[in-house]
Amino acid sequence: MKQALMEVMRMNRICRMVLVTCLGSFVLVVFYFQSMLHPVMHRNPFGMEICCRKGSRSPLQQLYNPTQVDLSSNALLHQTRRDQVTDICRANNVSSRKRRMLTPNDLKHLVVDEFHEMIYCYVPKVACTNWKRVMMVLTGRGKYSDPMEIPANVAHVSSNLKTLNQYSIPEINHRLKNFMKFLFVREPFERLVSAYRNKFTQKYNTSFHKRYGTKIVRRQRKNATQEALHNGNDVKFEEFVAYLIDPHTQREEPFNEHWQTVFSLCHPCHIHYDLIGKYETLEEDSNFVLQLAGVGNYLKFPTFPKSTRTTDEMTAEFFQNISSEHQTQLYEVYKLDYLMFNYSTPAYLKLE
């Protein structure tokens, strides 16, 4: 009797173990299928929950093989802009010349975003401060979430963003081939006047006054006062233009990046840009880039007041006192930018 009772108890223990094992397996199976139906949510590099980035389509794939109608229409627009650059490069024999090697210095304006597989060539006076802020959010791995919380001076600290010249040659070639490359452009003379207004009419830009203003006054102003020669803080636009078209200027050193041509900053005839945004459609083009990167639902390009922007009308006023000879010479300096990015010759110009 006792032996039979022990046998019954042993069988009960076995049944309980089997039941626990079955229930455990069931829980694991349910968890597995729940995981398949609802992928684990990870936090993206700037602290907002999105599904894992791995396995999603790259910006390059999204641009050239769009899966959404709104992406398709934008893709056609940017194809037209790419074709314009290609045609002008060919027409001016830039692409067919003996291909020069790009030096590390040529690549210092190309900011790399490893996580989203993008390369941005920044052009000063074309919303580059805000684009640098956005790139810091994209590459900051959670350090930043709102671009406008980043001070402008911090955005311009070179160590805060990685540029293409910091990679080895094989790494550079890999990224140029596989990452989406983009830049933003602006009407050339409007950009030039914006640079002049910012660097030579603002009292706080003493470094520009000392480095460039004093040089411009010394070369372009007859009977300059000792104060003007020392401070360089009252450069006239006519003097600035004369400095730019002076052959001695470019023989001495390259233009400063704020008035250098886009052609020379970003090398669009040697680097194939997949997307060319325009200042005139800044918000739309910028948010299209963010949409391609897969972050458009929660990161928007910053907007800012338009009251201080340099406009076409303002630019025309600055050119009123520039002789037709100097206008023609200056247009020749920026001609490729006008043609390449499909900007019409300004109506206010008096070209010889």
Side-chain angles (χ1 to χ4, degrees), residues 53 56-89 95 102 106-107 109-139 147 161-164 172-188 191 261-263 265-297 299-302 336-337 339-343:
R53 173 72 174 82
S56 60
R57 286 157 56 85
S58 71
L60 209 57
Q61 292 170 323
Q62 287 283 53
L63 177 63
Y64 288 103
N65 297 291
T67 56
Q68 302 172 33
V69 175
D70 54 337
L71 293 182
S72 298
S73 58
N74 275 307
L76 290 173
L77 167 66
H78 290 285
Q79 177 64 57
T80 302
R81 291 178 181 175
R82 286 194 301 272
D83 291 344
Q84 176 74 13
V85 171
T86 301
D87 291 345
I88 296 303
C89 289
S95 297
L102 293 175
D106 293 324
L107 305 176
H109 275 246
L110 278 73
V111 177
V112 180
D113 175 1
E114 291 284 349
F115 186 75
H116 300 93
E117 299 181 0
M118 300 194 301
I119 296 175
Y120 159 60
C121 184
Y122 72 88
V123 178
K125 309 312 300 177
V126 192
C128 82
T129 301
N130 278 349
W131 256 112
K132 285 182 177 181
R133 284 169 165 150
V134 169
M135 294 298 282
M136 287 177 68
V137 173
L138 291 172
T139 62
L161 291 166
K162 192 167 185 178
T163 50
L164 197 59
I172 289 171
N173 289 332
H174 170 77
R175 282 154 184 76
L176 287 175
K177 181 180 179 181
N178 296 289
F179 286 19
M180 185 181 80
K181 301 165 293 297
F182 69 97
L183 76 162
F184 277 77
V185 298
R186 184 179 185 177
E187 202 283 336
R191 174 177 168 246
T261 63
V262 178
F263 172 78
L265 285 177
C266 296
H267 313 284
C269 289
H270 297 90
I271 296 173
H272 174 80
Y273 286 92
D274 304 290
L275 190 148
I276 299 165
K278 292 200 168 188
Y279 190 76
E280 296 75 17
T281 51
L282 176 64
E283 190 173 344
E284 179 184 351
D285 291 345
S286 296
N287 287 324
F288 178 56
V289 173
L290 298 176
Q291 195 176 2
L292 291 172
V295 299
N297 289 336
L299 179 62
K300 301 297 181 185
F301 191 79
L336 274 180
D337 279 8
L339 297 175
M340 198 168 291
F341 305 116
N342 203 26
Y343 286 107

Novice: Going by heavy atoms in the side chains, are E117 and N178 under 4.5 Å from each other?
Specialist: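 When only atoms from C-beta onward are counted, N178 and E117 do not touch, as no gap falls below 4.5 Å.
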Novice: Measure the CG-NE2 distance between L107 and H267 for me, rounded to the nearest 0.5 Å.
Specialist: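 That separation rounds to 7.0 Å.
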Novice: Let me confirm one number: the CZ-SG distance from R186 to C128, rounded to the nearest 0.5 Å.
Specialist: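 Going from the CZ atom of R186 to the SG atom of C128 covers 11.0 Å.
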Novice: Quick check: do P124 and L265 have side-chain heavy atoms less than 4.5 Å from each other?
Specialist: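 Result yes, sub-4.5 Å side-chain heavy-atom pair found.
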Novice: Run the side chain to side chain donor-acceptor pair (under 3.5 Å) test against H78 and tell me which residues pass, sequence neighbours left out.
Specialist: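 Testing H78 for side chain to side chain donor-acceptor pair (under 3.5 Å), a comparison that skips the adjacent residues, returns none.
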Novice: What pairs with Q79 under side chain to side chain donor-acceptor pair (under 3.5 Å), at least two apart in sequence or on another chain?
Specialist: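 Side chain to side chain donor-acceptor pair (under 3.5 Å) list for Q79, sorted by chain: R82, D83.
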Novice: Quick one: salt bridge (charged side-chain N to carboxylate O under 4.0 Å, His left out) partners of D274, sequence neighbours excluded?
Specialist: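 K181.
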Novice: Looking only at non-hydrogen atoms, find the nearest pair between F288 and A75 and report the distance.
Specialist: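 Answer, listing the atom of F288 first, then A75: CZ-N, 4.1 Å.
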Novice: Could you list the residues that satisfy side-chain contact (heavy atoms from CB on, under 4.5 Å) with S286, not counting sequence neighbours?
Specialist: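 Partners of S286 under the side-chain contact (heavy atoms from CB on, under 4.5 Å) test: W131, F184, L282, F301.
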Novice: State which residues pass side chain to side chain donor-acceptor pair (under 3.5 Å) with N173; sequence neighbours excluded, sorted by chain then number.
Specialist: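 N173: no side chain to side chain donor-acceptor pair (under 3.5 Å) contacts found.
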Novice: Would you indicate whether the side-chain heavy atoms of V295 and V137 approach each other to under 4.5 Å?
Specialist: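 With C-beta onward as the side chain, the pair stays apart.
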Novice: Are any non-hydrogen side-chain atoms of P59 and F182 less than 4.5 angstrom apart?
Specialist: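 Not in contact.
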Novice: Determine the minimum heavy-atom distance between D285 and K278, stating which atoms define it.
Specialist: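 What the structure gives for the nearest pair is OD2-N, 3.0 Å.
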Novice: So, using salt bridge (charged side-chain N to carboxylate O under 4.0 Å, His left out) as the criterion, who are the partners of E283 when residues are at least two apart?
Specialist: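 None.
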Novice: What's the spacing between L292 CG and L63 CG if we round to 0.5 Å?
Specialist: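 One finds 5.5 Å between CG of L292 and CG of L63.
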Novice: Within the structure provided, determine whether L161 and M136 are in side-chain contact (heavy-atom separation under 4.5 Å).
Specialist: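 SC-SC contact between L161 and M136 confirmed.
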Novice: For a side chain to side chain contact (heavy atoms under 4.5 Å, CB included) check, start with the C-alpha distance between V134 and L290, then their side-chain angles and the critical distance, and finish with the verdict.
Specialist: CA-CA 9 Å; V134 169; L290 298 176; 3.9 Å; yes
Novice: Quick test of your reading: applying salt bridge (Lys or Arg N to Asp or Glu O under 4.0 Å), list the pairs with at least one residue in residues 121-137, sequence neighbours left out, ordered by first then second residue.
Specialist: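 For residues 121-137, and leaving out neighbouring residues, there are no salt bridge (Lys or Arg N to Asp or Glu O under 4.0 Å) pairs at all.
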Novice: So, the side chain of D337 versus the backbone of T261: is there a donor-acceptor pair under 3.5 Å, distance only?
Specialist: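 Such a contact is absent between D337 side chain and T261 backbone.
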Novice: Applying the side chain to side chain contact (heavy atoms under 4.5 Å, CB included) test to I271, which of L183, L164, L102 qualifies?
Specialist: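 Only one of L183, L164, L102 forms a side chain to side chain contact (heavy atoms under 4.5 Å, CB included) with I271, namely L102.
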Novice: List for me each residue that meets side chain to side chain donor-acceptor pair (under 3.5 Å) alongside Y273, sequence neighbours excluded, and say none if there are none.
Specialist: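 Expected list: none.
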Novice: Looking at L299, L138, N130, which hits side chain to side chain contact (heavy atoms under 4.5 Å, CB included) with P147?
Specialist: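 Among the candidates, only L299 passes.
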Novice: Which residues pass the side-chain contact (heavy atoms from CB on, under 4.5 Å) test with L336, not counting sequence neighbours?
Specialist: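 L336: side-chain contact (heavy atoms from CB on, under 4.5 Å) contacts with I88, N92, F263, M340.
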Novice: CD1 of I119 to CG of L60: how many Å apart, nearest 0.5 Å?
Specialist: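 If we round to the nearest 0.5 Å, I119:CD1 and L60:CG are 10.0 Å apart.
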Novice: Between T139 and F115, is the side chain to side chain contact (heavy atoms under 4.5 Å, CB included) condition met? List the steps.
Specialist: CA-CA 7 Å; T139 62; F115 186 75; over 6 Å; no
Novice: Give a yes or no on whether the backbone of N65 and the side-chain of R57 come within a donor-acceptor separation of less than 3.5 Å.
Specialist: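 Yes: the side chain of R57 pairs with the backbone of N65.
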Novice: Okay, side chain of D113, backbone of M118: is any donor-acceptor separation there less than 3.5 Å?
Specialist: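 Side chain of D113 to backbone of M118: no pair is present.
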Novice: Under the criterion side chain to side chain contact (heavy atoms under 4.5 Å, CB included), I'd like the reasoning laid out for D106 against H270: C-alpha separation, chi angles, the key distance, then a yes or no.
Specialist: CA-CA 11 Å; D106 293 324; H270 297 90; over 6 Å; no
Novice: I'd like to check R175 versus L110 (side-chain heavy atoms, cut-off strictly below 4.5 Å). Are they in contact?
Specialist: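 A side-chain contact under 4.5 Å is absent here.
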Novice: Is there side-chain contact between T163 and V111, with at least one heavy-atom pair below 4.5 Å?
Specialist: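 Side-chain contact under 4.5 Å: yes.
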Novice: Can you measure from OH (Y343) to CD (E280) and round to the nearest 0.5 angstrom?
Specialist: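 Interatomic distance, Y343 OH to E280 CD, rounded to 0.5 Å: 3.5 Å.
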Novice: Tell me, do E114 and F179 make a side-chain contact under 4.5 Å, heavy atoms counted?
Specialist: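 Yes; the side chains approach each other to less than 4.5 Å.
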Novice: Look only at the side chain of T80 and the backbone of L76, and say whether a donor-acceptor pair between them is shorter than 3.5 Å.
Specialist: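 Yes; at least one donor-acceptor contact below 3.5 Å.
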Novice: Enter the distance from N342:CG to I276:CD1 here, rounded to the nearest 0.5 Å.
Specialist: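 N342 atom CG to I276 atom CD1 measures 10.5 Å (nearest 0.5 Å).
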Novice: Report the residues that fulfil side-chain contact (heavy atoms from CB on, under 4.5 Å) with K300, sequence neighbours left out, ordered by chain and then residue number.
Specialist: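 Partners of K300 under the side-chain contact (heavy atoms from CB on, under 4.5 Å) test: N287.
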